[in-house]
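Report on the structure given below.
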Amino acid sequence: MTDTTDQDALLAVYDAQLRGIAEVEGSVSWDRSGPLWRGLFSDGAFVSYESLETLGSVEAVDSLIGETVAHFQALPQVQEFEWKTRGHDWPPDLDRLLRAHGLEPEEVETVMVGEVARLAVDVDLPDGLAVRRVDDLPEPERERVIREATQMQYDVFGSGPSGDQVLARLDRMGGAETFWVAEADGRVVSAGRLNRVAGTEFAGLWGGATLPEWRGKGIYRALTAARARFAMSEGVRYIHSDCSAMSRPILERSGLVAVTTTTPHLWKR
């Protein structure tokens with residue numbers, strides 16, 4: 001059982017370091033509206049904030065949501081935007097307010113946080129499988145592998161960025177985001193990203209996907225361990241991940257702690 005003191009401490013450092021400007025890192029551009037940070041990407045946008053309590057009233061929150069919808073509605077290149085909520089956000093009825101303005105909730109995920117050293121373990125893989133970083137490969141190998149991996153992730157999740165979008169983001173991030181794959185006989189069977197968050201002690205695990213027929217073989221854990229070892233070499237102290245029910249047990253066994261939940265609320269044109 002998790003010590004609630006540890007859980008509270010990890011949630012506090014997560015809120016302090018990872019919300020707000022940290023979440024629009026990698027965007028094409030961003031602006032501010034009250035407590036909100038609003039990042040623009042190639043065909044979408046993202047809304048983050050550290051807290052809405054400074055607004056002082058539910059009515060003020062409702063007004064800000066309406067203003068933000070109007071803001072993005074006026075930008076023809078924005079086909080959808082995400083307002084990322086957490087389970088401990090104020091006000092308690094934020095979900096209702098967002099729905100009233102046309103933002104629909106997606107699947108709830110669990111926010112996991114913990115010391116990176118807990119993940120940097122040795123994992124035995126079946127013969128013929130290998131894990132490697134690929135964003136630093138020479139061209140055209142870099143582009144080929146990342147496009148294959150991105151398509152695999154899209155097939156697994158049913159949605160996600162295109163190869164062009166991922167490659168452009170990696171270029172914008174200038175090495176702060178790295179891309180990792182697990183391969184069997186030259187075929188990508190699992191992939192994920194590591195995002196070092198500037199100005200914080202954190203790195204994030206993102207996009208972890210494994211083909212169904214390759215699950216249960218330790219591949220996701222090996223991919224996670226490789227990213228964790230690299231993060232440690234870069235001076236990272238904490239790892240965070242928004243995880244599905246499938247990956248949560250793996251991260252919990254590695255010592256990460258569930259500190260809250262997160263729900264993307266999407267507005268679509």
Side-chain angles (χ1 to χ4, degrees), residues 107 109-110 112-167 169-171 173 175-196 202-234 236 238-258:
E107 183 179 354
E109 294 185 312
T110 302
M112 308 291 293
V113 179
E115 298 275 350
V116 66
R118 293 181 177 272
L119 295 174
V121 297
D122 293 327
V123 180
D124 292 328
L125 283 173
D127 291 341
L129 276 162
V131 172
R132 62 172 174 155
R133 177 185 172 186
V134 295
D135 61 282
D136 59 346
L137 293 176
E139 299 293 4
E141 179 74 354
R142 170 182 180 263
E143 180 177 342
R144 182 192 67 78
V145 177
I146 289 175
R147 286 190 184 281
E148 180 186 347
T150 301
Q151 184 61 53
M152 183 276 295
Q153 291 171 316
Y154 187 95
D155 292 341
V156 169
F157 293 132
S159 64
S162 68
D164 285 342
Q165 289 171 324
V166 171
L167 288 162
R169 177 181 170 87
L170 289 168
D171 290 340
M173 295 293 284
E177 183 162 294
T178 55
F179 202 104
W180 301 73
V181 301
E183 295 165 304
D185 298 322
R187 178 193 182 198
V188 175
V189 299
S190 184
R193 308 189 316 275
L194 176 78
N195 185 326
R196 287 179 288 122
F202 278 89
L205 299 176
W206 300 104
T210 304
L211 290 173
E213 64 269 30
W214 288 93
R215 293 171 189 164
K217 302 178 186 296
I219 298 173
Y220 175 76
R221 193 173 184 209
L223 192 69
T224 298
R227 288 178 285 172
R229 283 192 293 272
F230 178 79
M232 287 182 66
S233 75
E234 296 286 301
V236 169
Y238 298 107
I239 285 286
H240 74 102
S241 179
D242 297 351
C243 72
S244 65
M246 185 178 301
S247 55
R248 175 176 174 171
I250 301 171
L251 297 177
E252 283 185 322
R253 288 195 296 271
S254 300
L256 268 62
V257 176

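Just the heavy atoms: all of them, side chains too, but no hydrogens, waters or symmetry mates, feed the values below.
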Taking only residues at least two apart or on different chains, which pairs with a member in residues 117-130 satisfy side chain to side chain donor-acceptor pair (under 3.5 Å)? none
Distance from [X] atom [atom1] to [Y] atom [atom2], nearest 0.5 Å?
X	Y	atom1	atom2	result
S241	L194	OG	CG	10.5 Å
M112	S254	CE	OG	9.0 Å
L251	T110	CG	OG1	10.0 Å
R169	R193	CZ	CZ	5.5 Å
L205	L256	CG	CG	7.5 Å
E177	D171	CD	CG	11.0 Å

Atom pairs and distances, donor-acceptor, side-chain atoms in residues 128-139, under 3.5 Å, two or more places apart:
unit_1	atom_1	unit_2	atom_2	d
R132	NE	E183	OE1	2.7
R132	NH2	E141	OE2	3.4
R132	NH2	E183	OE1	3.4
R132	NH2	E183	OE2	3.1
R133	NE	D135	OD1	2.9
R133	NE	D135	OD2	3.2
R133	NH2	D135	OD2	2.9
D135	OD1	F179	N	2.9
E139	OE1	E143	N	3.0
E139	OE2	R142	NH1	2.9

How far apart are the closest heavy atoms of A225 and V123, and which atoms are they? CB-CG2, 4.3 Å
For F157 against G207, the heavy-atom pair lying closest together: CE1-O, 4.0 Å
Pair R227-W206, side chain to side chain contact (heavy atoms under 4.5 Å, CB included): steps then yes or no: CA-CA 11 Å; R227 288 178 285 172; W206 300 104; 5.9 Å; no
Is there a side chain to side chain contact (heavy atoms under 4.5 Å, CB included) between V145 and V181 once you walk through the steps? CA-CA 9 Å; V145 177; V181 301; 4.2 Å; yes
Could you name each residue pair satisfying salt bridge (charged side-chain N to carboxylate O under 4.0 Å, His left out) that touches residues 155-165, not counting sequence neighbours? R147-D164
Show, in sequence, the C-alpha distance, side-chain angles and deciding distance for E148 and R187, and conclude whether the side chain to side chain contact (heavy atoms under 4.5 Å, CB included) test is met. CA-CA 9 Å; E148 180 186 347; R187 178 193 182 198; 3.9 Å; yes
Please name all residues satisfying side-chain contact (heavy atoms from CB on, under 4.5 Å) with M232, sequence neighbours left out, ordered by chain then number. V116, A117, A120
Would you list the atom pairs, donor with acceptor, under 3.5 Å between side chains in residues 214-223 and any protein atom, with sequence neighbours excluded?
unit_1	atom_1	unit_2	atom_2	d
R215	NE	T210	O	2.9
R215	NH2	T210	O	3.0

Could you check if a side-chain atom of Q153 sits within less than 4.5 angstrom of a side-chain atom of V166, using non-hydrogen atoms only? no
I'd like to check the salt bridge (charged side-chain N to carboxylate O under 4.0 Å, His left out) partners of E109; sequence neighbours left out, ordered by chain and number. none
